[in-house]
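One structure below.
All values below were derived from every heavy atom in this structure, side-chain atoms included, with hydrogens, water molecules and symmetry-related copies excluded. First the proteins, then the strands, lettered A, B, ... as listed; each starts at 1.
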Amino acid sequence: MIDPHLLREDPEAVAETLARRGYRFDVVRWRELEERRKEYQIRMEALQSERKEASKAVGEAKKTGDEATAEERKGRAETINRELEEVSAAFEEVKAEQHQWLLDMPNLPDPEVPEGEDETANAEIRREGGRPEFGFEPADHADLGETLGILDAGTGAKLAGSRFTVLWGMGTRLCRALGQLMMDIHADEHGYTEVAPPALARGEILEGTGQLPKFEEDLFRTEADGLYLIPTAEVPLTNLHRDTIADSGELPARYVAWTACFRREAGSYGKDTRGMIRQHQFDKVELVQVVHPDQGLQAWEEIRGHAEVVLQRLEIPYRVVELCTGDLGFAARRTYDLEVWLPGQGAYREISSVSWCHDFQARRMQARFRNGEGKPRLAHTLNGSGVAIGRALVALLENFQQRQGSVVIPEALRPYMGYRNRIGVSRPQGGSPG
RNA sequence: GGAGGGGUGGCCGAGUGGUCGAAGGCGCCUGACUCGAAAUCAGGUGACGGCUCCGCCGUCCGGGGGUUCGAAUCCCUCCCCCUCCGCCA
């Protein structure tokens, strides 16, 4: 949520900044609402004050046993109440409209964010890792996975529909190993606290991080209880600080979680229908930090570095991109994407997104800390994938594939793979019943 | 799912219709005592919002609604926590 004070003091500046990311903010209408709000609020509070006095007077009269005076004073209070009711109703109406407005408004992009309408305007910062040279035409992960008998889209569809995949044997093992490696790196080397949060959350929790009310159609929702399946662990992890005031010593708070993520992928019908790139359910290791505002920028760079370590350890080539204004997520003020090289597609694809949300989410969920003077202030929240496990598996298959379709396991992962150094083409033990 | 108990300020915990933003304690801040500290004593110490902003006003006792001139206190409803029973990985 954008700071209401800023909105009041300089709505033009807000509108200008939002325009950079393609959001139109109607300043004239806002001003109009503000004027009404002010008028109603002043009147309402004056009436409340009057009523308070009047009620007190009733009490005093009753105490002295002067029933006649008490009755007369009651009448006065009733008169005040009638007007108060009208004014408050009007006030609440304006207030509700303003609130709705605020909830739908995306975060302000940082002045540093490159200008642009869509992902084609994102700024490439640098490339890391050498792309593999194949003496043959590299296959894509869907073919590789099928040949290896580890990825099974058909059975996934049978069980749950399209965009679901069943992992078999070494596919499962790979997924487990990747998650384990990532968790170890972040917990042991980067100082994050491991958390196992619920995979379902209430609506207000999703509102805190910004998925609701605007992006309901992207979420799975349970019918009986009205709970939402989390689209990312960012949701529960960031909300750990909801309605809390952290003591000075508790920041920066760093959390890491390995969870399944669920996305309806509404509006992406044609996209990435092949393979595991875009699934309704996928595992992801997520990093979240809640920090002092002075450390926001620094934490953002730090998380990006933490995510990069994973890719470096896995020896997967990637590039770092800063998203342009038009490609920024709803809650983000600045975002880095890490994109891995996929030889099967001949393209870089997103595997991690690292966002500095400034106080946007903190304001929505009232995540605060006590400053030097002991006053509660909004914290800054940040999140980043560290990294997406499904896509890491895809990248690994495609980058480490061999001529015959087997896949070499990168050094760092071997301890987690029972010290295997490659996955062969033979069918897994037990095989598929189908 | 059934029965009962409960949700009060950073924390603990009183308060069952009126002057209660709320006793008391802890914590924290200031002062006294002390070479200094501890202990002790005295005073102070909530959040949010509005405005004609060195002050005044309003709101806030889990959320929402209701009764009343007036609600932390009464009623309805939802959420959460605890105990017992049932069920269950």
Answer yes or no for A:Arg221 and A:Tyr228: cation-pi contact, defined as NZ/CZ to six-membered ring centre under 6.0 Å and angle to ring axis within 45°.
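Checked: cation-pi criterion met.
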Checking A:Arg334 against A:Trp356: charged group under 6.0 Å from the ring centre and within 45 degrees of the axis?
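Relative to the ring axis of A:Trp356, which defines the angle, A:Arg334 lies outside at least one limit.
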Map A:Arg202 and A:Glu78 onto RNA chain B by nearest heavy atom, then report which one ends up closer to the 5' terminus.
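Looking at the nearest nucleotide for each, A:Glu78 comes out on the 5' side.
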Would you kindly compare A:Glu50 and A:Lys95 by the position of their nearest RNA chain B nucleotide and give the one closer to the 5′ end?
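The answer here is A:Lys95.
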Who is the Watson-Crick or G-U wobble partner of [N], with both distances under 3.5 Å?
{"N": "B:rU45", "value": "B:rG27"}
{"N": "B:rG4", "value": "B:rC82"}
{"N": "B:rC53", "value": "none"}
{"N": "B:rA32", "value": "B:rU40"}
{"N": "B:rG18", "value": "B:rC69"}

Between [N] and [M], how many Å separate the two [atom1] atoms, rounded to a whole number?
{"N": "B:rG58", "M": "B:rC75", "atom1": "C1'", "value": "27 Å"}
{"N": "B:rC41", "M": "B:rG46", "atom1": "C1'", "value": "26 Å"}
{"N": "B:rA71", "M": "B:rU67", "atom1": "C1'", "value": "10 Å"}
{"N": "B:rU59", "M": "B:rU73", "atom1": "P", "value": "15 Å"}
{"N": "B:rG21", "M": "B:rC61", "atom1": "P", "value": "12 Å"}

Options [options], nucleotide nearest the side-chain atoms of [X]:
{"X": "A:Lys62", "options": "B:rG18, B:rC48, B:rG58", "result": "B:rG18"}
{"X": "A:Gln48", "options": "B:rG49, B:rC69, B:rU59", "result": "B:rU59"}
{"X": "A:Gln41", "options": "B:rC51, B:rC69, B:rG49", "result": "B:rG49"}
{"X": "A:Ile245", "options": "B:rG10, B:rG18, B:rC57", "result": "B:rG10"}

So, is [X] close to the [N] phosphate, meaning a side-chain N or O under 4.0 Å from OP1 or OP2?
{"X": "A:Lys52", "N": "B:rU59", "result": "yes"}
{"X": "A:Ser55", "N": "B:rG18", "result": "no"}
{"X": "A:Arg368", "N": "B:rG10", "result": "no"}

Would you say the side-chain atoms of A:Arg21 pair up with the backbone N or O of A:Cys324, donor to acceptor, closer than 3.5 Å?
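Not confirmed, A:Arg21 side chain does not pair with A:Cys324 backbone.
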Going by atom types alone, do A:Gln289 and A:Tyr192 pair a side-chain donor with an acceptor below 3.5 Å?
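Looking only at side-chain atoms, A:Tyr192 and A:Gln289 do form a donor-acceptor pair, the distance falling under 3.5 Å.
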Rounded to the nearest Å, what distance is computed from the [atom1] atom of residue [X] to the [atom2] atom of nucleotide [N]?
{"X": "A:His5", "N": "B:rC51", "atom1": "NE2", "atom2": "C1'", "result": "12 Å"}
{"X": "A:Arg73", "N": "B:rU68", "atom1": "CZ", "atom2": "C1'", "result": "18 Å"}
{"X": "A:Leu84", "N": "B:rG58", "atom1": "CG", "atom2": "P", "result": "12 Å"}
{"X": "A:Glu53", "N": "B:rC56", "atom1": "CD", "atom2": "P", "result": "14 Å"}
{"X": "A:Asp247", "N": "B:rG46", "atom1": "CG", "atom2": "C1'", "result": "15 Å"}
{"X": "A:Leu47", "N": "B:rU59", "atom1": "CG", "atom2": "P", "result": "11 Å"}
{"X": "A:Asp3", "N": "B:rC48", "atom1": "CG", "atom2": "P", "result": "13 Å"}

Which part of the nucleic acid does [X] contact within heavy-atom distance under 4.0 Å: base, sugar-phosphate only, or nothing?
{"X": "A:Asn81", "answer": "sugar-phosphate"}
{"X": "A:Lys375", "answer": "sugar-phosphate"}
{"X": "A:Lys38", "answer": "sugar-phosphate"}
{"X": "A:Arg37", "answer": "sugar-phosphate"}
{"X": "A:Arg370", "answer": "sugar-phosphate"}

Do the side chains of A:Glu302 and A:Arg254 get close enough for a salt bridge, i.e. N-O under 4.0 angstrom?
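Salt bridge between A:Glu302 and A:Arg254, a charged N being under 4.0 Å from a carboxylate O: yes.
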More than 12 heavy atoms of other residues, nucleotides or ligands under 6.0 Å from CD of A:Glu115: yes or no?
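Yes - once you tally the heavy atoms of other residues, nucleotides and ligands closer than 6.0 Å, there are more than 12.
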Side-chain heavy-atom pair A:Ser352, A:Asp337 within 4.5 angstrom cut-off
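No, side chains not in contact.
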